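Worksheet: one structure, shown below.
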Protein chains: 2
Amino acid sequence: MSIDPRLHTPVYVQLADLLRTRIEAGELSPGSALPSEARLTQEHGIGREAVRMAISLLRSEGLVRTVRGHGSYVRERTERRSIELAAGSAAIARMPTGVERRDLGLDEGVPVLEVRNAQGEVEILPGDETELIRPPR
Amino acid sequence: MSIDPRLHTPVYVQLADLLRTRIEAGELSPGSALPSEARLTQEHGIGREAVRMAISLLRSEGLVRTVRGHGSYVRERTERRSIELAAGSAAIARMPTGVERRDLGLDEGVPVLEVRNAQGEVEILPGDETELIRPPR
DNA sequence: GGTCATTTGTACGTATGTATT
DNA sequence: GAATACATACGTACAAATGAC
C-alpha cells in the first residue's frame with residue numbers, strides 16, 4: 001500500500017486512509033504508538049504538513065490521541081457508564097468548548113452530551129464515557 | 001483588541017478567541033461571513049497558516065462552516081427534531097466517519113448520535129438536528 | 001538538577017490546484 | 001476568461017514538552 005501524489009485524492013487523505021485501515025485491522029492496536037511524524041515523512045516521501053494533516057484528521061474522528069513531545073497513539077475504547085435519561089429530560093450531542101474540554105479532560109474528536117432535566121438543570125457528560133439509556137418497561 | 005506574538009498564547013489561539021468573542025457578541029451573526037483569510041492575514045499582520053489554524057479551531061468547535069472558494073461563515077443554529085428514546089434503547093455520542101459525514105451532509109465539528117433499540121438495530125442521527133427526549137410520565 | 005535526543009507545536013514563506021462568482 | 005477564496009503541499013526555523021541518562 002503506497003501513496004501516489006498524482007491521484008485526485010490528496011496525499012494527506014491517502015495517508016489517513018492508510019493509517020485508518022491499519023488501525024481497523026488491528027495492526028495498530030489500541031494504545032499503541034503511530035510512527036513518528038519524521039518516520040511517516042521519510043517512509044512515504046511526503047512533507048511534514050501532509051503527515052500532520054493526516055493525523056489531525058484521525059484525531060478529529062476520535063481515532064487517535066496525540067501527546068506533545070511524545071507521539072500519537074491509537075485511542076483505546078473507553079468504558080461507558082450508563083446514565084438513565086429521566087422522564088421529562090432531553091439530551092443533545094455537541095462539541096465541547098475549549099473550557100469544557102479541559103475541565104472534562106476530553107481528547108480531540110470527543111463530543112459531549114448535554115442533558116437537561118425537567119427542572120431545567122443542565123449537565124455536561126463526556127461523550128466517550130457515557131451511554132444514555134432508557135430501561136425496558 | 002489586538003494580537004501579540006510575544007504572549008504565551010499562540011497567535012492562532014488569540015485570533016480564534018478574538019473571532020469567537022465577536023461571534024458570541026453577535027457582531028458576527030449566524031450566517032454572516034468571516035473576513036477572508038487574506039484580510040485576516042493583512043489586518044493582524046500574521047501568516048496565513050495562523051489564520052487557517054484559527055478558523056480550523058472554530059470549525060472543530062462547530063461554530064463555523066467553511067465553503068471552498070467562497071468563505072467561512074458563522075454556523076446557524078439548526079432546528080432540532082425531538083426523537084423519543086424508546087424503552088430498552090441506548091444512545092451514545094461520537095464523531096462521524098468520513099462516509100457518515102458525507103451521507104448525512106454534516107459540517108465539521110458536528111457529532112452523531114448512535115441509537116440502538118431493544119432489537120439491536122442501530123440508527124445514526126445528525127447531532128446538530130436531533131434532540132433525544134424521554135417524555136414526562 | 002541538568003543535558004541531550006526525540007517528538008510534537010507554532011509560524012513563517014512560497015507555489016500551485018481547485019471551486020465559486 | 002478573470003478575479004477571488006479556500007485547499008494542498010513543499011520547505012524552513014525555532015519553541016516547547018517528554019523521557020532517558
Side-chain angles (χ1 to χ4, degrees), chain A residues 2-19 28 31-61 63-75 98 101-102 105 107-109, chain B residues 2-19 28 31-61 63-75 98 101-102 105 107-109:
Chain A
S2 184
I3 287 178
D4 186 346
R6 295 165 304 179
L7 296 184
H8 298 305
T9 316
V11 168
Y12 80 93
V13 176
Q14 291 183 52
L15 176 57
D17 289 346
L18 197 152
L19 291 170
L28 288 168
S32 68
L34 269 61
S36 73
E37 293 179 358
R39 279 200 59 136
L40 290 171
T41 298
Q42 293 161 9
E43 291 184 353
H44 296 98
I46 62 181
R48 190 183 172 203
E49 183 176 342
V51 169
R52 286 180 61 76
M53 286 178 76
I55 293 174
S56 169
L57 189 54
L58 298 177
R59 258 201 312 271
S60 74
E61 293 172 1
L63 287 176
V64 157
R65 178 177 54 95
T66 298
V67 184
R68 180 178 184 162
H70 202 174
S72 290
Y73 300 86
V74 181
R75 260 169 54 83
R101 264 197 54 202
R102 231 197 18 258
D107 289 339
E108 236 184 278
Chain B
S2 183
I3 287 178
D4 185 347
R6 295 164 304 180
L7 296 184
H8 298 305
T9 315
V11 169
Y12 80 93
V13 176
Q14 292 182 51
L15 176 57
D17 289 346
L18 197 153
L19 292 170
L28 288 167
S32 68
L34 270 60
S36 71
E37 293 178 358
R39 280 199 60 136
L40 291 170
T41 298
Q42 294 161 9
E43 291 185 353
H44 296 97
I46 62 182
R48 187 179 172 209
E49 182 174 343
V51 169
R52 287 179 60 76
M53 286 176 77
I55 293 174
S56 170
L57 188 55
L58 299 177
R59 258 200 311 270
S60 75
E61 293 172 1
L63 287 178
V64 157
R65 178 176 54 95
T66 298
V67 184
R68 181 178 185 162
H70 201 171
S72 290
Y73 299 86
V74 181
R75 261 169 53 82
R101 265 197 54 203
R102 232 199 14 261
D107 288 340
E108 238 185 275

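A quick note: this is a predicted structure, and the numbers were derived from the prediction, not measured. Every chain is numbered from 1 and lettered A, B, ... according to where its sequence line falls, protein lines coming before strand lines. Hydrogens, waters and symmetry mates play no part in the numbers below; they use all other heavy atoms, side chains included.
With sequence neighbours excluded, no residue forms a side chain to side chain donor-acceptor pair (under 3.5 Å) with A:Gln14. In terms of the side chain to side chain donor-acceptor pair (under 3.5 Å) criterion, residue partners of B:Arg48 (sequence neighbours excluded) are, by chain and number, B:Glu37. Scanning for ring pair (Phe, Tyr, Trp, His ring centres under 6.0 Å) contacts around A:Tyr73 gives A:His70, with sequence neighbours left out. B:Arg75 pairs by the side chain to side chain donor-acceptor pair (under 3.5 Å) definition with B:Asp107, not counting sequence neighbours. Annotation: side-chain contact (heavy atoms from CB on, under 4.5 Å) contacts of A:Pro35 (sequence neighbours excluded): A:Arg39, A:Leu40. With sequence neighbours left out, A:Arg68 forms a salt bridge (Lys or Arg N to Asp or Glu O under 4.0 Å) with no residue at all. Checked against side chain to side chain donor-acceptor pair (under 3.5 Å), B:Glu108 has the following partners two or more places apart in sequence or in another chain: B:Arg59. B:Arg6 is linked by a salt bridge (Lys or Arg N to Asp or Glu O under 4.0 Å) to B:Asp4, counting only residues two or more places apart in sequence or in another chain.
Of all heavy-atom pairs spanning B:Ile46 and B:Ala50, the tightest one is CD1-CB, 4.2 Å. Considering all non-hydrogen atoms of both residues, B:Pro5 and B:Val11 come closest at CA-CG2, 3.9 Å. Residues A:Leu15 and A:Val51 approach most closely at CD2-CA, 3.9 Å, considering heavy atoms. For A:Ala33 against A:Leu28, the heavy-atom pair with the smallest separation is O-CD2, 3.9 Å.
When DNA chain C is scanned in the 5' to 3' direction for atoms under 4.0 Å from non-hydrogen atoms of chain A, the outermost contacting nucleotides are C:dT7 to C:dT10.
In DNA chain D, the stems built from three or more successive Watson-Crick or G-U pairs (distances below 3.5 Å) are C:2-21 with D:2-21.
One atom, CZ of B:Arg39, and another, C1' of D:dC6, lie 17 Å apart when rounded to the nearest Å. Computed from coordinates, the B:Leu34 CG to D:dA5 P distance equals 13 Å when rounded to whole Å.
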Under 3.5 Å, which protein N or O atoms sit close to an N or O of nucleotides 9-13 of chain D? Give each pair with its distance.
unit_1: D:dA9; atom_1: OP1; unit_2: A:Val11; atom_2: N; d: 2.4
unit_1: D:dA9; atom_1: OP2; unit_2: A:Val11; atom_2: N; d: 3.2
unit_1: D:dA9; atom_1: OP2; unit_2: A:Tyr12; atom_2: N; d: 3.1
unit_1: D:dA9; atom_1: N7; unit_2: A:Glu49; atom_2: OE1; d: 3.4
unit_1: D:dA9; atom_1: N7; unit_2: A:Glu49; atom_2: OE2; d: 3.2
unit_1: D:dC10; atom_1: OP1; unit_2: A:Gly47; atom_2: N; d: 3.2
unit_1: D:dC10; atom_1: OP2; unit_2: A:Gly47; atom_2: N; d: 2.7
unit_1: D:dC10; atom_1: O5'; unit_2: A:Gly47; atom_2: N; d: 3.3
unit_1: D:dC10; atom_1: N4; unit_2: A:Glu49; atom_2: OE1; d: 2.5

Output one line per pair: protein atom, nucleotide atom from nucleotides 15-21 of chain D, and distance, for all N/O pairs under 3.5 Å.
unit_1: D:dA16; atom_1: O4'; unit_2: A:Arg68; atom_2: NH2; d: 2.6

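You'll find the side chain of A:Val74 reaches within 4.5 Å of the side chain of A:Leu34, heavy atoms only.
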